[in-house]
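Since the structure comes first, as structure tokens, the remarks are kept for the end.
Labels below follow one simple rule: chain letters A, B, ... track the order of the sequence lines, proteins then strands, and each chain is numbered from 1. When reading the values below, keep in mind they use all heavy atoms of this one structure, side chains included, and skip hydrogens, waters and symmetry mates. These figures come from a predicted structure and were not determined experimentally.
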There are 2 protein chains.
Amino acid sequence: MANSASGDSVVDRVVRVIEAFPEGVTSLQLTELADRAGIPLSSAHRLVRQLSEHGLLDLGVGGTVRLGLRLWELVNRNSPTLALRQAAMPFMEDIQQVLNQNVNLAVLDGWEALFVERLSRRGSVANRARIAGRMPVHISSAGLALMSHQSRELQAEYLEQFQDPSGKVTADVVRHFLAEAAQHGYAQLAGVVDPDTWGIAVPVVNGKRRTVAALGVVVPLAEMRLQALVPALQTAARGIGRQLGD
Amino acid sequence: MANSASGDSVVDRVVRVIEAFPEGVTSLQLTELADRAGIPLSSAHRLVRQLSEHGLLDLGVGGTVRLGLRLWELVNRNSPTLALRQAAMPFMEDIQQVLNQNVNLAVLDGWEALFVERLSRRGSVANRARIAGRMPVHISSAGLALMSHQSRELQAEYLEQFQDPSGKVTADVVRHFLAEAAQHGYAQLAGVVDPDTWGIAVPVVNGKRRTVAALGVVVPLAEMRLQALVPALQTAARGIGRQLGD
DNA sequence: CACGTTCTACCATTGAATGGAAGGTACCGA
DNA sequence: TCGGTACCTTCCATTCAATGGTAGAACGTG
């Protein structure tokens, strides 16, 4: 026994500690954290204490561990999506005002759409699609809008490895969706979380003609009017793209 | 020379790498990063590569280093301020709709107010007070609102160490501000970034009667109407506090 | 084409990280 | 009141992972 019996580096462990928090959980007991991260308690304790001395974690009195405010601050100040979000925010507010629907902004990460910003429909009670949430490409309008405007190579690679865990969707179906989205310039899809809602998303293209994000809305089926929604979204998306430069 | 000639641990270095990004800067060259973090280039390179393999950083082709999307995702999913922001968001939108002013939400971290959420006034061009920004307690209405409702001990400790770098404000002046804020139940202060604006903030109190946040607005001097602003803020703040529980 | 700059890879050296064990502390139910 | 359990925290001899000087590769530039 010495520098890690399990053969992982300090960096590995730091990552595992941060990753150990289940989605939406903000605090964990030290023992549970050590357990989840697969680190011996004494090592976990030392590591957590070190990190909390730097403010990346917050080790409370009874062994309660939270992510540190300082970490949140650093990440949000220097976030890779900072410029995107700043450029998009005013346009997203426009959409929110004009259409009065839930508006969201997503980027592609791996084979998933990662939602980086969101504005709720005024008066809406629950806002399901949380910020920093993920959705697989093939079951989100944002994902389809993003993927349908990527390079042929990336799309091929995506379709190559595609496999729907539930077995409901085949690669051919997805291929069809992507082709349709590429042709129309927007993607639409029946809501997954809520069957009575539809998602519509359009690509956001930067100065280099690269699709860097998708701007979308989630609307109740009853209010689904493509003729009204798509032009508004496309206009806003073009505005965002112009702000981005690059 | 061996495990760090400078005598710092791996954890120290991981922290310094993340902290190396200046405010608002999203990408850094490897050499500059190593320089800023005070780490030998070869070590920095190895460390960055390890972190980027886990997605905490993103090491681009030409040695361009960014914070990783995964880090942003993890931090925002499990942020210590998640519950607070979720509880506050609807009320902040109410304020935005009713008063049509910049609305912000801050927590106390050290002797500074850390802004954790923000909604811009509709139609406002520049949104100065960035999210994840900090302001010293004594020159922000949010800071004063927060500090004025902390325990006597903490306030004493704060005033004890207080020193204004610019030398314009004395501890006695701050003491007076705090007393006033505590008495009135809100804090007001002339804008620091912009002399023609005023900040007004009220404390957000959770179920345990602990002041956990401050809800505030920034208004142009011409639209400064305490009679209208304070009751609205206080009502929203009580609503947030009720949602919080604890 | 030579020079400066930056990124990347290698590898012998060594002290920082490891984790079992033992000491605290708080809480519970009998 | 008292044993029992379940945490958190500290200690310290062992040892292997991290270190960083060095050198090569890949640029761009005057």
Side-chain angles (χ1 to χ4, degrees), chain A residues 1-22 25-68 78 80 208 246, chain B residues 1-22 25-68 78 80 208 246:
Chain A
M1 89 203 69
N3 279 11
S4 108
S6 45
D8 39 33
S9 65
V10 179
V11 172
D12 292 332
R13 298 191 156 186
V14 169
V15 174
R16 284 224 299 282
V17 164
I18 296 177
E19 283 180 334
F21 291 82
V25 172
T26 60
S27 89
L28 237 41
Q29 283 307 99
L30 185 56
T31 302
E32 190 181 355
L33 179 64
D35 209 37
R36 285 180 172 278
I39 302 175
L41 178 61
S42 60
S43 299
H45 178 256
R46 184 165 21 78
L47 189 59
V48 167
R49 191 157 41 71
Q50 281 185 17
L51 285 166
S52 85
E53 275 161 12
H54 289 286
L56 292 213
L57 291 181
D58 177 26
L59 176 55
V61 282
T64 303
V65 184
R66 294 172 189 272
L67 296 188
N78 308 303
K208 283 184 191 156
D246 259 333
Chain B
M1 90 202 67
N3 280 10
S4 110
S6 45
D8 39 34
S9 66
V10 180
V11 172
D12 292 332
R13 299 192 155 185
V14 169
V15 174
R16 282 223 301 281
V17 164
I18 296 177
E19 284 180 333
F21 291 82
V25 172
T26 60
S27 90
L28 238 41
Q29 283 306 101
L30 186 55
T31 303
E32 189 183 355
L33 179 63
D35 209 38
R36 286 181 172 279
I39 303 175
L41 178 60
S42 60
S43 298
H45 179 256
R46 183 166 20 79
L47 189 59
V48 167
R49 192 160 40 70
Q50 282 186 14
L51 286 166
S52 84
E53 275 162 12
H54 289 287
L56 292 213
L57 291 182
D58 177 25
L59 177 55
V61 280
T64 302
V65 184
R66 293 172 191 272
L67 296 187
N78 308 304
K208 282 184 192 157
D246 259 332

Show me, pair by pair, the donor-acceptor contacts under 3.5 angstrom made by side chains of residues 45-56 of chain B, not counting sequence neighbours?
residue: Ser52(B); atom: OG; partner: Arg49(B); partner atom: O; Å: 3.1
residue: His54(B); atom: NE2; partner: Asp12(A); partner atom: OD1; Å: 2.6

Output the rounded distance in Å from [atom1] ([X]) to [atom2] ([N]).
X: Asp8(B); N: dA18(D); atom1: CG; atom2: P; answer: 15 Å
X: Ile39(A); N: dG19(C); atom1: CD1; atom2: C1'; answer: 12 Å
X: Arg13(A); N: dT18(C); atom1: CZ; atom2: C1'; answer: 7 Å
X: Asp35(A); N: dC7(D); atom1: CG; atom2: P; answer: 10 Å
X: Asp12(B); N: dT19(D); atom1: CG; atom2: P; answer: 11 Å
X: Leu47(A); N: dG19(C); atom1: CG; atom2: P; answer: 11 Å

When you get a sec, tell me which of [options] is the closest nucleotide to the side chain of [X]?
X: Ser9(A); options: dG19(C), dG20(D), dA17(D); value: dA17(D)
X: Ser43(B); options: dC7(D), dT18(C), dG20(D); value: dG20(D)
X: Val10(A); options: dG19(C), dG20(D), dT18(C); value: dT18(C)

Under 3.5 Å, which donor-acceptor pairs do the side chains of residues 58-67 of chain B form with other protein atoms, sequence neighbours left out?
residue: Thr64(B); atom: OG1; partner: Gln29(B); partner atom: OE1; Å: 3.1

(message) Restricting to side chain to side chain contact (heavy atoms under 4.5 Å, CB included), what partner residues turn up for Ser42(A), sequence neighbours left out?
(response)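 Applying side chain to side chain contact (heavy atoms under 4.5 Å, CB included) to Ser42(A) gives none.
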
(request) Over all heavy atoms of both residues, which pair between Val25(B) and Ser27(B) is shortest? Give the atoms and the distance, please. (result)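 In this case the closest contact between Val25(B) and Ser27(B) is CG1-O, 3.4 Å.
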
Collect all protein-nucleotide pairs involving nucleotides 8-10 of chain C in which both atoms are nitrogen or oxygen and the distance is under 3.5 Å.
residue: dT8(C); atom: OP1; partner: Val61(B); partner atom: O; Å: 3.4
residue: dT8(C); atom: OP2; partner: His45(B); partner atom: NE2; Å: 3.3
residue: dT8(C); atom: O5'; partner: His45(B); partner atom: NE2; Å: 3.3

(request) Using the salt bridge (charged side-chain N to carboxylate O under 4.0 Å, His left out) rule, collect all pairs that involve residues 26-35 of chain B, keeping only residues at least two apart or in two chains. (result)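 Applying salt bridge (charged side-chain N to carboxylate O under 4.0 Å, His left out) to every pair that reaches into residues 26-35 of chain B, excluding sequence neighbours, yields Glu32(B)-Arg36(B).
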
(request) Identify, with sequence neighbours excluded, every residue that meets salt bridge (charged side-chain N to carboxylate O under 4.0 Å, His left out) alongside Asp8(A). (result)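 Testing Asp8(A) for salt bridge (charged side-chain N to carboxylate O under 4.0 Å, His left out), a comparison that skips the adjacent residues, returns Arg13(A), Arg16(A).
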
